[in-house]
Structures are given as C-alpha cells and as structure tokens.
Amino acid sequence: MSCLIVEGCGAVTLKPTEQNAIQVRMLADGRLHTRHAGVLLERRGSYPLIDLRILNTSAQQGEVESCTRRKVKRLLSFQRYCHASRLLRGLVAHSPGSMHLLDDNYLGQAGHMLSKVSTWNFDIFLFDRLTNGNSLVTLMCHLFNVYDLVHHFQLDMVKLHRFLGMVQEDYHSQNPYHNAVHAADVTQAMYCYLKEAKLAEQLSPLDIFLGLMAAAAHDVDHPGVNQPFLIKTQHHLASLYQNTSVLESHHWRSTVGMLRESGLLSHLPPDMSQDIEQQLGSLILATDISRQNEFLLSFREHLDNQSLDLQLASHRHFILQIALKCADVCNPCRVWELSRQWSDRVCEEFYRQGDLERKFDLEISPLCDQQTDSVPAIQSGFISYIVEPLFEEWHRFTEASLLSQTMMGHLHKNKARWVRLRYAHTPSHTEDKESERQGGGDIP
C-alpha cells in the first residue's frame, strides 16, 4: 500500500495497481515532477499529449526494452570512455587478451578527430558514428580535460559522467534535428568561439564552464515541435511558463533537475551552485529565437559605441549569450556538405510538425507545410533574416578573425546556392526549362 497526498483531500491510501495506473496517466500527461528547495524540477515529459489507448502491448514492451537498452548503453559508455581516455593518454597497454568495447581502429580515429576539434570543418556526424552515438558525452569530457575544469572545480568524474549521460539520453534521438548530435555540434562551435583571440584571454574558468554546459544542454528534452504548437494545443508546459520562452525554460529547468539529481555541484557552496544554475538559465533562455532582435540590437549598440568591457563579468556573460546564439544557428556557416545535412534535418522536423497539425485539423505553422515550403526557400529566408545579421555583428566583434572570415565565406556561398536551388524549384522556372527542352523558347 502507498499513500498519495492530494491537495485539499489529505492522504489517500492506494493499492499498488491504483498507484501504477495514476503514475502512468501522470507520465502520459507529462506532470510527474520533483520538488527540490522550492524549485519545480523537470525531467522528460515535454512531448505533446499522447493518447495511451493507441499504444498496443507490443509498443509498450518495446519501450521497456528500449529503456533497458539505454541504461545498459549508459553503463557501457562510461566503461568505454574510461578505456578510451586512458588509451589516448597511453595509460593502457594494447594487450591481445584485453576486451575492447570499441576496437582500436575506431578509438584511434575518434582520438585523431578530437585532436582537431578546434577546426571549423569538424564533422560531428562522423564523430558521432565513431563514438557509437556518444558524441556529446565524449566531446564534453574531452573539453573539460582541455580546460582542466575537473581539477579547477574539484568535480567528481563519476558524477560528471552521470550528469552528461543524463543530458545525452534526454535528447530525443527520433528528432531529425533537435537531438544530441545537434547539441554536440553546438558545443564544438562554442569551443571554437571560446578560443577566439578577442575572448580567450579574458574568460575565467567559470565562464568556460558555463559556456560549454549551456551549449551541451541548451535543447535538452526538446519535443520536436515549436512553441506555437505547444500553445495552440494547450500543452501543460505552455501553461506552466505562461506562453513565454516555453521550450527554453523547460530546457533550463530540466538541466537544473539533472544537475541536482547527479549531485555534480553538491560539493560547492550553495550560493555558488545557485549562481551557476541562474547563469545557465540566462544563457539558455537567450537562445529563444523570438528574442533575436533584442540581443542583436544590444550587440550592435555595444559595438557602435565601443562600450564592451570584457573585464566586467556582466559583459563577458553577454558575449557568452551572443556566442551561444551564434553556435545554435551556425549551420549555414559550415561547409556545404555539413550545412546541407543540417538543413534537410531541420526542415524534416518542421514538416513532421506540419503533418501532425494537418492530421488534427490545426492551422499549419509557418515553414511547416511540405507542400508549399521548400527547403531552399526556408533556408534562404533563415540566412537572410536570422543568421546573416547576427554573424555580421560577430564578424565586427572578432575584428574579422580568420575563423570569422571562414564562416562568412561559407555563409555567402551557401546562401547563393540556396537561392539558386530555390529559383530552380519555382514553377515558372520549371515550366521554362520544360519549354526549352521542347524547343519552345530560348530561355537561358
């Protein structure tokens, strides 16, 4: 027997079967939370409401098996990381009798890629394959070692890996775009930005810790739909955060929940750990695309007035917000081969939402109608209105660094390519080409 505290009703005694039934309904509705120190902490449950009646027994069994596999994978990932990190540092002998969870060839390739993690053409898709789907955990552990953050903050490696494993696992792999590979890609980009000459000498260990942690967790537990979808379906998260920065607030609160559950910062003074949680929130909330103009105008004003003073912690924090925003939308600044993959993925996620809206007779959200919104049209507009203005100001801030020049070069080439593809997909152009093939005109 168990007791359930119901507001206004006191304690109610439940049979085990009744308790399980209530928990299933709460999980389906996404309302199973944990309270800690007066703060509502969240873990998972951000999906739009799903009617469990449509799930058959085999699907439920598959979910249980999938959960078990994830737990085993987390354990093996930790063993794999311990072995790989020792191997890469030359601490483990290559004895024929030793058991390797990944063969030496894969470990060697992953290690070689990590030696070039600061290069802008880093292929996160290949790295994710070489690490057996553990790109985010592996990358974060490596970067924490690069910056000696484990020693500086006296972090427990087991707790660190537990936290990173939670973060990686709480990204939904079924999302084409908002998944752990995207988080790893943003983290790698953030690392490149932290190394910019204008920043590198000014940043404190805390700044670096916050920047990497926010990048890794900025989209955790993303449901694969946007805020307007959550609002018009009256999702509980939209109500909880009053229709304002709904997803970003959930990402932050989920991160805080995992920090406390893992105990990663439990050894720090309470005021310091609370400050870290609040600063992480400020960084993650800055990725809300609806606040783009707010940050862009403030950034431009600072640059116009030459008023940025990176000796001030508040100004460094602002630049970390801008850096995270840049990292979050930097895909068009990558080489075409990588940029195109991300474009296809994000549009596929948009189209899935549109299909869901069409299925339930909801108004289809902008950019989500596969019948009218082409990938080239979405991408060329995204670059023109979001990416280009932001990176032009970042280019000014870095004083045209080599990395910034490289990114702007890719951005302009990719934009031109998307515009050409968009023109090639217009009906009039298709008709002209068909007419030309039939000898009906001399259209160039």
Given side-chain contact (heavy atoms from CB on, under 4.5 Å), test Asn121 with Leu338 step by step and report yes or no. CA-CA 8 Å; Asn121 62 350; Leu338 297 176; 5.6 Å; no
Using side-chain contact (heavy atoms from CB on, under 4.5 Å), reason through Leu308 and Lys198 one step at a time and then give a plain yes or no. CA-CA 11 Å; Leu308 278 173; Lys198 192 77 179 287; over 6 Å; no
Run the side-chain contact (heavy atoms from CB on, under 4.5 Å) check on Gln353 and Glu349 step by step: do they pass? CA-CA 7 Å; Gln353 175 178 322; Glu349 195 165 293; over 6 Å; no
Could you walk me through whether Asn331 and Asp185 satisfy the side chain to side chain donor-acceptor pair (under 3.5 Å) test, starting with their C-alpha distance in whole Å, then the side-chain angles of each, then the deciding distance to 0.1 Å, before giving a yes or no? CA-CA 9 Å; Asn331 300 148; Asp185 185 63; 3.2 Å; yes
Can you list the steps and then say if Glu196 with Thr398 is a side chain to side chain donor-acceptor pair (under 3.5 Å)? CA-CA 7 Å; Glu196 285 280 29; Thr398 63; 4.5 Å; no
Between His317 and Ser282, is the side-chain contact (heavy atoms from CB on, under 4.5 Å) condition met? List the steps. CA-CA 9 Å; His317 184 80; Ser282 176; 2.9 Å; yes
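A distance of 5.0 Å separates OH in Tyr191 from OG in Ser118, rounded to the nearest 0.5 Å. The CG atom of Leu367 sits 9.5 Å away from the CD atom of Gln379 when rounded to the nearest 0.5 Å. Note that CE of Met140 is 5.5 Å distant from CG of Leu212, once rounded to the nearest 0.5 Å. With rounding to the nearest 0.5 Å, the separation of CE in Met407 from CD in Gln405 is 10.5 Å. Separation of atoms NE2 (His395) and CG (Leu390) is listed at 13.5 Å; rounding is to 0.5 Å. In this structure, CG in Asp123 is found 9.5 Å from CD in Glu337, a value given to the nearest 0.5 Å.
With contacts defined as side-chain heavy-atom distances shorter than 4.5 Å, the pair Thr233/Phe360 does not qualify. Contact annotation: the side chain of Tyr351 approaches that of Ile378 to within less than 4.5 Å [non-hydrogen atoms, C-beta and beyond]. When side chains are defined from C-beta on, Arg291 counts as touching Leu285, because their heavy atoms get closer than 4.5 Å. Taking the side chain as every heavy atom from C-beta outward, Val329 and Lys325 never approach each other to under 4.5 Å. Between Phe229 and Pro223, the closest side-chain pair of non-hydrogen atoms is not below 4.5 Å. At least one side-chain heavy atom of His315 sits under 4.5 Å from a side-chain heavy atom of His302. Leu247 has its side chain out of reach of Val225: every pair of non-hydrogen atoms, C-beta onward, lies at least 4.5 Å apart. By the 4.5 Å heavy-atom criterion applied to side chains, Phe153 and Phe144 are not counted as neighbours.
Although no hydrogens or angles enter the test, the distance criterion places no donor-acceptor pair under 3.5 Å between the side chain of Trp120 and the main chain of Cys192. Judged by distance alone, the side chain of Asn175 and the main-chain N or O of His222 form a donor-acceptor pair under 3.5 Å. A donor-acceptor contact shorter than 3.5 Å links the side chain of Gln227 to the backbone of Ser245. Of the possible donor and acceptor atoms, none in the side chain of Asp328 sits under 3.5 Å from a partner among the backbone N and O of Leu324. Distance alone, capped at 3.5 Å, places no donor-acceptor pair between the Ser298 side chain and the Glu294 backbone. Glu201 contributes no side-chain N or O that, together with a main-chain N or O of Ala197, makes up a donor-acceptor pair within less than 3.5 Å. Without hydrogens or angle criteria, Trp336 side chain to His410 main chain gives no donor-acceptor distance under 3.5 Å. Side chain of Thr138 to backbone of Ser135: no donor-acceptor contact under 3.5 angstrom is found. Checked by atom type and distance alone, the side chain of Tyr177 never pairs as donor or acceptor with a backbone atom of Glu348 at under 3.5 Å. Without hydrogens or angle criteria, Ser115 side chain to His112 main chain gives a donor-acceptor distance under 3.5 Å.
Closest non-hydrogen pair, Tyr193 versus Ala327, comes out as CE1-N, 3.5 Å. In terms of heavy-atom proximity, Leu280 sits nearest to Met213 at CD2-CB, 3.8 Å. Ser262 and Arg162 make their closest contact through O-NH1, 3.2 Å (heavy atoms, listed as atom of the first residue, atom of the second, distance). When all heavy atoms are compared, the tightest approach of Lys159 to Gly263 is CD-O, 3.3 Å. Looking at every heavy atom in both residues, Trp252 comes nearest to Glu277 through NE1-O, 2.9 Å. Across all their heavy atoms, Ser254 and Val220 have their closest contact at CB-CG1, 4.0 Å.
Ion pairing between a basic and an acidic side chain is recognised when a charged N comes within 4.0 Å of a carboxylate O; Asp355 and Lys359 show no such pairing. Taking the charged nitrogens against the carboxylate oxygens, Lys232 and Glu363 have no contact shorter than 4.0 Å, which rules out a salt bridge.
Annotation: cation-pi geometry not satisfied between Arg334 and Trp342 (NZ/CZ under 6.0 angstrom from ring centroid, within 45° of ring axis).
Side-chain contact annotation: His172 with Asp221, donor-acceptor N/O pair under 3.5 Å present.
Residue-environment remark: CD (Gln242) stays at or below the threshold of 12 foreign heavy atoms within 6.0 Å. The environment of NE2 in His267 is crowded: more than 12 heavy-atom neighbours from other residues, nucleotides or ligands sit within 6.0 Å.
Within the 6.0 Å centre-distance limit, the rings of His182 and His218 are counted as a close aromatic pair. The distance between the ring centers of Phe209 and His152 does not fall below 6.0 angstrom. Taking the ring centroids of Trp394 and Phe397, they lie under the 6.0 Å cut-off.
Aromatic ring pairs are classed by plane angle as parallel below 30°, tilted from 30° to 60° and perpendicular above 60°; the pair Phe299 and Phe318 is perpendicular.
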